[in-house]
2 protein chains.
Amino acid sequence: MGTTQLESVPEPKYWHLKTVLNDALDSEFEVGEILPNERDLAARFGVARATLRQALEQLELEGRLQRRRGVGTTVAPPRMGVSVGPSANTWPGAGIDAWETVGCVEAAAPAAIAALLGTAPDQAVHTIRRVRVMRGQPVAAELLYVPPASVPGLPGDLTPATHAPAVLRELHTLELEGEDRSVELGSARADDAKQLDRLPGAPVLVVTARYYAAGRVAAASVSTYRADTCRLTFGDAGAFEVTHHQQDTRQAS
Amino acid sequence: MGTTQLESVPEPKYWHLKTVLNDALDSEFEVGEILPNERDLAARFGVARATLRQALEQLELEGRLQRRRGVGTTVAPPRMGVSVGPSANTWPGAGIDAWETVGCVEAAAPAAIAALLGTAPDQAVHTIRRVRVMRGQPVAAELLYVPPASVPGLPGDLTPATHAPAVLRELHTLELEGEDRSVELGSARADDAKQLDRLPGAPVLVVTARYYAAGRVAAASVSTYRADTCRLTFGDAGAFEVTHHQQDTRQAS
DNA sequence: AAGTGGTCTAGACCACTCA
DNA sequence: GAGTGGTCTAGACCACTTT
């Protein structure tokens, strides 16, 4: 062990508390085990409940804990590795892709989506809502936007039950030329939070994708992944299977 | 800004506050403009300072605000699109890749890194610390791990100034066969936070990469990106240039 | 020295789950 | 109805930056 700096800078209580709890989780608790409640924990460590909660919040952010109102705080399993392509250039909804359609409407796209698609701000687009489930848990909620120009052969007799399949089927007749993606941090909107079984405002990883065909953006999607339970994987070599927690990667500079 | 009311549904105050502030940022403030201080804002909205701070915290998480202790709260510019490959299969440190080396040591890898590399837990590895700067701002701090077995031709007369370049040069003589990456949410460790000009615990996007050569993992890196200022881009079609904020993508289901 | 955001306290009540 | 986490208050002091 190198010489760690002592006394010169007071570490915040919640930060120290987080370290102590993190170590305790490794050594004294099993995955799924329920922790003492917040009032007891705060008393045990001699801090106010708000201070304890600040530590718990960070541990939940890092995927170490799961808190559920009315139930308690449990030790979270390691994050799931979730592949978000591009494993192969395939259209969304093609083949086996672990998504389940839960709704479909044709409505004017929000301004940000119109900019993504390159359509007029008031242009109506097909909007398919899908949910991705892994190991019995919802991990992502998605809105997939398809401009009518991308699916010219769409039949006219659409019911709520046939709308989404028909749009996807038409989309798949195009040749996919490319795709790009971006990932950023966000907080769950109320509707997404409900699908993800979380409270509104929960931290999420927002994956924005654009699909190109015939030199244009043929479709776009905004996928909202639970940041607490998911590790997004990219690239050719497949998903990691390492049990990996960031806080163990400390190293001198 | 008048007071709005109509509280038939018990939406949390901080959530409503966040919406109001978000709209105000769009209509009444310019990027870089400084907001009134927290005590004044709280008084203006008739809430406790802690409640106001809860709203500000979320807006900062979403990249709308930037808060600096001793200075104030300012309106953040849109997030930067930061490419994190794989644009082409190239080794880290090769060609022009916007990273600057700030240190290099040879030391035992943490357990999680040893697992990534497939080396023994006490195996010493070359550890290169790098920083990525965009538009004059640090956006990422990285630790790049290279096992000695990957750089057998390394000369023996290494000084702190020549260590990192020599390791990278040797690494580049291997043929890169593939790479994979994962992205997850984390909070900045003290050392990374310092490089990123943030407080410890700040939300970050942790990109873990593995580089393959000769059928083995030849190197691995853990890159810590500022979640407030960065949008990570992947894929073939290049970085987005869209001004995109997630909260504007609301749509019925 | 003044002003800012960051931390912390000791309470209170609410929304939710479950026996 | 008991117990849990979620929200909220009205203070206090601290660390930091700027003047």
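FYI, side chains are in, hydrogens and waters are out, and symmetry mates aren't considered; it's all heavy atoms of this structure. Letters go in sequence order (proteins before strands), and every chain restarts at 1.
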Looking for any heavy atom pair under 4.0 Å, which part of the strands does B/Arg53 touch: base, sugar-phosphate only, or nothing?
base
With no hydrogens and no angle check, is any side-chain donor or acceptor of A/Arg53 less than 3.5 Å from a backbone partner on A/Ala48?
no
Determine whether more than 12 heavy atoms belonging to other residues, nucleotides or ligands lie under 6.0 Å from atom CZ of B/Arg49.
yes
For the residue pair B/Tyr225 and B/Trp99, categorise the inter-ring angle as parallel (less than 30°), tilted (30 to 60°) or perpendicular (more than 60°).
perpendicular
Do B/Asp228 and B/Arg64 sit within salt-bridge range, that is, some charged N less than 4.0 Å from a carboxylate O?
no
Nearest-angstrom distance from the residue atom CD of A/Glu11 to P of D/dA15:
13 Å
With nearest nucleotides of DNA chain C determined for A/Gln54 and B/Asp40 from heavy-atom distances, which residue corresponds to the more 5′ nucleotide?
B/Asp40
With no hydrogens and no angle check, is any side-chain donor or acceptor of B/Glu60 less than 3.5 Å from a backbone partner on B/Arg67?
yes
Can you measure A/Leu35 atom CG to D/dG3 atom C1' for me and round it to whole angstrom units?
16 Å
Would you call B/Lys18 and B/Glu62 a side-chain contact if the rule is heavy atoms closer than 4.5 Å?
yes
Which is more 5' along DNA chain C, the nucleotide nearest A/Arg49 or the one nearest A/Trp15? Just name the residue.
A/Trp15
Positional range of nucleotides in DNA chain C within the contact set of chain A, heavy-atom, under 4.0 Å
C/dT7 to C/dT17
When the distance from CG of A/Asn37 to P of D/dT4 is rounded to whole Å, what number comes out?
4 Å
Describe the nucleic acid contact of B/Leu199 in one word from base, sugar-phosphate, nothing, applying a heavy-atom distance below 4.0 Å.
sugar-phosphate
Taking CG from B/Asp197 and P from D/dC16, how many angstroms apart are they, rounded to a whole number?
13 Å
